[in-house]
Every structure is written in C-alpha cells, then in structure tokens.
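Worksheet for the structure shown next.
Everything quoted here is computed from the prediction, not taken from an experiment.
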Amino acid sequence: MEKKKVLTSLFVFGMCLCLVSCDKKNKSDVDLFYAYSTENCLKDWDYLATKGEDEDDTEFIMEQNEPFIGRDHTLRYRLMQGENDGMQLVVRPHSYVNSFDFVLPTIKNESGDEISSKNFSVAATWYQEVVSSLEKGSMAGFYPDALIPLENYKWRRMNHIDKDMNQSLYINFKSTYNMKPGTYKGTGKLILDDKKFDIPFEVKIFDVQMSETVHWKSSYLVWYDEIANGERENTDNDLYLDYYNFVVNHRMSPDGFPDFMESNTTQFANYYYELVVKDPRVSSYRIPLTGGSYNRDALQRYLQALINKNLEVRRAGDVTADFFTKLYMYIDDEPSAASYDLVRKHDKDLYELKKSLSPQLSEYPDLVYSFTHIENLVTLHFNELLIPTEEQGGIQCWCPQYQHFNTKDQRDNYKARQNSTDREFGEAVWWYGCMDPASPYPSNHLDASLLTGRCVSWMQFDYGIEGNIYWNVCYYSKQGVNFKTGRDIWYDPMTWINCAGDGALVYPGIDYGIVGPIPTLRLESIQACSEEYEYLYFIEQKVNEYNVLNGKSLDARELLQKYFERLYINVTPYTDSLEFENVRVEVLELCEKLNKNLNEGIALLQK
C-alpha cells in the first residue's frame, strides 16, 4: 500500500472527530456511530461541520472528518479465545437526553450456539477538559477518559446527554477459552428517554488462544500513598490490594505489593511466591527498595529471604518455581551527574551480592543463572561515563525514554549494549515515557492520540526492548515546580502543571460506589497493547518451531516488518485507526493460520 505522509500532528489520526452519512438538512434526532478503542471522540467537536471560519479552517475540519464519513453503528469485535476487545458507540443527540441506558445482547452463531450478554460490559465515558498542555498538536476540548460502569453512572443519575454533544459508551467483550471459534451476531438496545434504537453486534472469535502467561514485560508503579488522596475514608489495606489486583487483571505488572506486605522479608517472600511466581500474568517485580530506602544490608536481606523460600519450595516438589526471572532492582531514577557515583555503588553492591549469595543455589543451575541475571534498571539514556565494569559498577540495565530509540544508530547502540560481553552477567535495555516525550512519540497523556501508546508493544517487540516502565497509575495529586497540592480529580486532569493525565490511568471508585479503581480509555488501550504483544510472541514461537522442524533460520521480526512499517517509522506512529485495525486483524488471521497449519501459516507470513 502507499504510505500515508507523516503529519505534523498525530492528533489528525487518533482523534475520532467523526462525520456520519446523514444529510444535515434532514438529520435524525440522534446520530450514532462506532469508534475503535484507539480513537478519542471529543465530547464537544462538531463532527458534522464541513466549513470553518476560513479556507484553512475548513481544510483542517475536513481533514479530521474525512476518514469517518459513512460510519454505521454496528459494533464489530475481532479477537482470540481468552482475549478482550473494546468498541465505542458514540451517541450525539440533537436535543437534550434526560436519561440513557443500554441493554447488552445475547449473540449467536449460524449453528445456534449462544454467548451470554454477561460476556459484555458497558461503561459510560467521563470527559475531561484540556485547554493547553505539552501535546502541542492537540486541540483544546473535552477528552474521553474514565470508563464508569453504566449501572454506577445511573446510580449517580449522571446518565443524560446535552444537545449536540457526543457521549461514548465503551462496550467490552471478553471471550473465554471454551468459546467456539466463528462469527456471532446479536442486537443490543440503546434507550434514549422513551426511544429505543437497535445496535447490531458482530463478534468474530479466531481459532487461536490468547496466552495466559504475559510475555510483555512491564512495570506500572502503584504509589499506594496516593490512593487516600482519591479514595479518602475508603482507604485501607484491602483497598491497596484491590489496586494491585486491578493492575494485574489488566495484564500489566505492578512494581510491588502494598507496604504492609513487604515490611517483613520472610512474609514478603511468602506473598511473592503466591502472587508473583505462581501468577503467569505478572511479568516483573521490583525489589522493595527505592532511592530513599536503599541500603546494602536491606538488599541482602530481601535477596536472602527469596533464596530461602525458593529453595524451600523447590525441595518440596515445585520444580519449576523460579523467584528471580521476574525480579529487578530499580533504585536510581533519572540520576544527575552528581549522583553517578551512587549509581555505580548500587550496581556494584548488587553484583557483589550475586557473586556471594548465588553459591547457595548451586544444586539448581537454572536458579543460579536467573539470580545472577537480575536486572538493575536505571532510567537514563546511554552515557559513556556509566558504561559498567565489575570493578566500578555503572548501568547494567539501560532505560531511556522512547525518543532515544528514534534512529537506527540509537537502536544499534542499545543493541550493542545488550550483546556486550563487558559484564559477566550481561546488560539489558528497557524504555519508558512520562511527561516526556510528547507526540509524535508514544505517550499516555490524556490529550495525546491513543495510537501513540497503542504502538508501544509492537515497537518493543520489533526492536527487542526487554521491558516498559511507567511511573504511576494513580497520581491523584497535582505536581508543579517545587510544589505539590491536591486537585479535583474529576474536573482537573493536570497532574503536572502542563501535562494532562500523566501518571493517572485510573479514577477513585468511591465516588461511584465502587470498591477499587475505575479504568480509563487509556488503561484499556494499554491492556490491548499487552494482548497484541502476545500475537507477535505467538508468531515468533511458531517461526522457531518451523525452523527446528525444517532446518531453517527464518527471523520472525524480519518477516513481520511488512506489518510494522504500516504502523510507525522508527518510534513515530503515523497510522490511523482504520489502518491499525486492518493490521491487527491481518495479524490475528495469521495467528489462526499458524495455529491450524504451520506450513500454510509460514507461507502466508512470507507472502
């Protein structure tokens, strides 16, 4: 296909500023259209507009709207067995709606097999106004964010819609592993006051299963001390654990347990075995020390507790238990040059403890290997001053921001660090984003295109980056230069004075009668990001299987380039939501083909 030009603003591609096929002179009482989970449908955008104040304004409006002309309101889902897929139904009434509701459908295939409506869930979207921010390419307006379960939204009597304003309903479908592959159809009901509208549903379940093990390595920090700033009197240890489990349930790995589970090292090791080692959804875990709490003795105590517990369960018969493959250390966060000596000391401490403690594991060589390869992550881009040595220490796991991978030379440099033999136990590479970077690079900012963040797992697989870290999911405060204060979470999205939504991927449930956090459209997109990594991982495993059976040396990443190049250039996404969905479905079809017939699947991949 012909590549689209890279636009100066990814906003053009990611915002669902939608035009439907209706004559403005004869429009109905309400406009209905679908939107993908990768699209921000602003509440206050006049998607029927075809003219602006001048020629340039008109050109801009039509450029936003043109990709969405003619959209219907059928919700189409495409997914593996055991996967989630979300769609939006956008409702724009031309008179005030006092009350809205939705009845989810039972769906059937041609053979009459039914899937219950209980496999769907529906949430009303809450909008946040953003006037200006770091996302210079995005327009001011009301952006969709919190996804409030519709029953709770109705409980607060919030289920009304203003005239000529968009209201998105986010409807998720969760398939199970025992659902028969095939296409299922049904009809839901949208209720606006006393009027009902049929909403067609079409679900295609592919004959391939989503991995229960999460292979996308990530670490999403949960600042448990921030939770009380949103949940208020509802905050207790049980709620802290609800937040932890909420993140895990979205195929994201929290950095750690609530404090009460980590203070005693022996108790911590027991929790770690049950909730990390035995849970395939958790891909990483941070040693429970930070820059403020670090000392070498504490590090040794945690490592020793984990060694003791791992030996105990191995000797008791759990022959696969490995406490160290998911473990990493993260003490040094964006260190300045004045802190480089501390960076070296922390790295040297860990290296020396690996050497001194690992002989205890000698009866299990696999544990010796995983223990000595615990990564020491430092959020900093490449710096020659911190190239590590065993004698002086340095950075063993480089973790720059996304933009530091935007050229081939940069990526080759990090690949060289991964392949380096300078260190006895090797080097690793993760990456991250926070306030920086903003678009066109990947971002989880509220007013950024959802497509920029959605492409992270594809890029991560493509470039062989080992992990993705994010600084917080529940920052319920406002941070500025030399100050921190509270904010009205539901009406002030500026977690930093010039950045909307950074570090805040959830909302407090207490305000809607919910125990635990409320997700956002951005968080649901991250879960989809994690699931899509499994598509690529599955393909790689099938290519490896084919190579072994046939004596070949095919490279999955090279063969997948025909898909990657349709989504991004370097680390700059340039696709639109329609093309992203096309690529996603084509890759799903490839996974199904590989699952059913390996040779035919490889032929399709090579085509």
Measure the [atom1]-[atom2] distance between [X] and [Y] for me, rounded to the nearest 0.5 Å.
| X | Y | atom1 | atom2 | answer |
| --- | --- | --- | --- | --- |
| Leu42 | Asn40 | CG | CG | 6.5 Å |
| Leu451 | Thr38 | CG | OG1 | 4.5 Å |
| Tyr546 | Leu554 | OH | CG | 6.0 Å |
| Lys415 | Ile465 | NZ | CD1 | 8.5 Å |
| Asn84 | Glu531 | CG | CD | 5.0 Å |
| Glu534 | Ser211 | CD | OG | 4.5 Å |

May I have the step-by-step check of salt bridge (Lys or Arg N to Asp or Glu O under 4.0 Å) for Lys562 and Glu586, ending in yes or no?
CA-CA 11 Å; Lys562 63 181 180 180; Glu586 287 176 32; over 6 Å; no
Would you mind reporting whether [Y] and [X] have side-chain heavy atoms less than 4.5 Å apart?
| X | Y | answer |
| --- | --- | --- |
| Cys591 | Ile539 | yes |
| Asn595 | Phe206 | no |
| Arg76 | Lys204 | no |
| Asp436 | Tyr441 | no |
| Trp430 | Ser284 | yes |
| Leu446 | Arg522 | yes |
| Asp198 | Lys189 | yes |
| Trp458 | Val587 | yes |

Is the terminal nitrogen or CZ of [X] (NZ for Lys, CZ for Arg) located under 6.0 angstrom from the six-membered ring centre of [Y] and within 45° of that ring's axis?
| X | Y | result |
| --- | --- | --- |
| Lys354 | Phe371 | no |
| Arg417 | Phe382 | no |
| Arg71 | Phe33 | no |

Has the side chain of [X] got a donor or acceptor atom that lies under 3.5 Å from a matching backbone atom of [Y]?
| X | Y | answer |
| --- | --- | --- |
| Arg286 | Met329 | no |
| Asn245 | Asp242 | no |
| Tyr177 | Met210 | yes |
| Gln396 | Asn376 | yes |
| Glu466 | Val429 | yes |
| Ser138 | Asp447 | yes |
| Arg566 | Thr575 | no |
| Gln81 | Met179 | yes |
| His445 | Cys434 | yes |
| Glu135 | Ser439 | yes |

Quick one: are the ring centres of [X] and [Y] less than 6.0 Å apart?
| X | Y | answer |
| --- | --- | --- |
| Phe461 | Tyr537 | no |
| Phe120 | Phe201 | yes |
| Tyr285 | Tyr272 | yes |
| Tyr414 | Trp431 | no |

Give a yes or no on whether a salt bridge exists between Asp85 and Arg78, defined as a side-chain N under 4.0 angstrom from a carboxylate O.
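So Asp85 does not pair with Arg78 through a salt bridge.
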Give a yes or no on whether a salt bridge exists between Asp113 and Lys108, defined as a side-chain N under 4.0 angstrom from a carboxylate O.
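No.
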Looking at every non-hydrogen atom in both residues, tell me the closest pair between [X] and [Y] and how far apart they are.
| X | Y | value |
| --- | --- | --- |
| Leu578 | Tyr34 | CD2-OH, 4.2 Å |
| Cys399 | Ile469 | SG-CG2, 3.7 Å |
| His215 | Tyr533 | O-CE2, 3.6 Å |
| Lys326 | Pro280 | NZ-CA, 4.4 Å |
| Ser525 | Leu450 | OG-O, 4.1 Å |
| Pro254 | Val222 | CB-CG2, 4.1 Å |

Can [X] and [Y] be counted as having a side-chain donor-acceptor contact under 3.5 angstrom?
| X | Y | result |
| --- | --- | --- |
| Tyr328 | Ser219 | yes |
| Tyr535 | Glu83 | yes |
| Asp322 | Tyr364 | no |
| Thr452 | Ser443 | no |
| Asn249 | Gln527 | no |
| Tyr568 | Asp462 | yes |
| Ser457 | Glu532 | no |
| Thr407 | Asp409 | no |
| Tyr402 | Asn468 | yes |

Could you check whether atom [atom1] of [X] has more than 12 heavy atoms from other residues, nucleotides or ligands sitting under 6.0 Å from it?
| X | atom1 | result |
| --- | --- | --- |
| Lys596 | NZ | no |
| Glu363 | CD | yes |
| Lys174 | NZ | yes |

After noting the C-alpha distance and the side-chain angles of Ile171 and Phe102, does the key distance pass the side chain to side chain contact (heavy atoms under 4.5 Å, CB included) rule?
CA-CA 10 Å; Ile171 302 176; Phe102 197 88; 3.9 Å; yes
Between Ser168 and Gln88, is the side chain to side chain donor-acceptor pair (under 3.5 Å) condition met? List the steps.
CA-CA 6 Å; Ser168 166; Gln88 299 181 74; 2.8 Å; yes
Under the side chain to side chain contact (heavy atoms under 4.5 Å, CB included) criterion, do Glu524 and His250 qualify, and how do the steps go?
CA-CA 8 Å; Glu524 294 296 321; His250 282 79; 3.1 Å; yes
Please step through side chain to side chain contact (heavy atoms under 4.5 Å, CB included) for the pair Asp318 and Thr320, ending with a clear verdict.
CA-CA 6 Å; Asp318 189 344; Thr320 62; 3.3 Å; yes
Set out, in order, the CA-CA distance, both residues' side-chain angles and the distance that settles side chain to side chain contact (heavy atoms under 4.5 Å, CB included) for Trp471 and Thr379, then state yes or no.
CA-CA 11 Å; Trp471 70 277; Thr379 46; over 6 Å; no
Give me the ring orientation class for Tyr220 and Trp216: parallel if the planes are under 30° apart, tilted from 30 to 60°, perpendicular past 60°.
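Aromatic pair Tyr220/Trp216 classed tilted.
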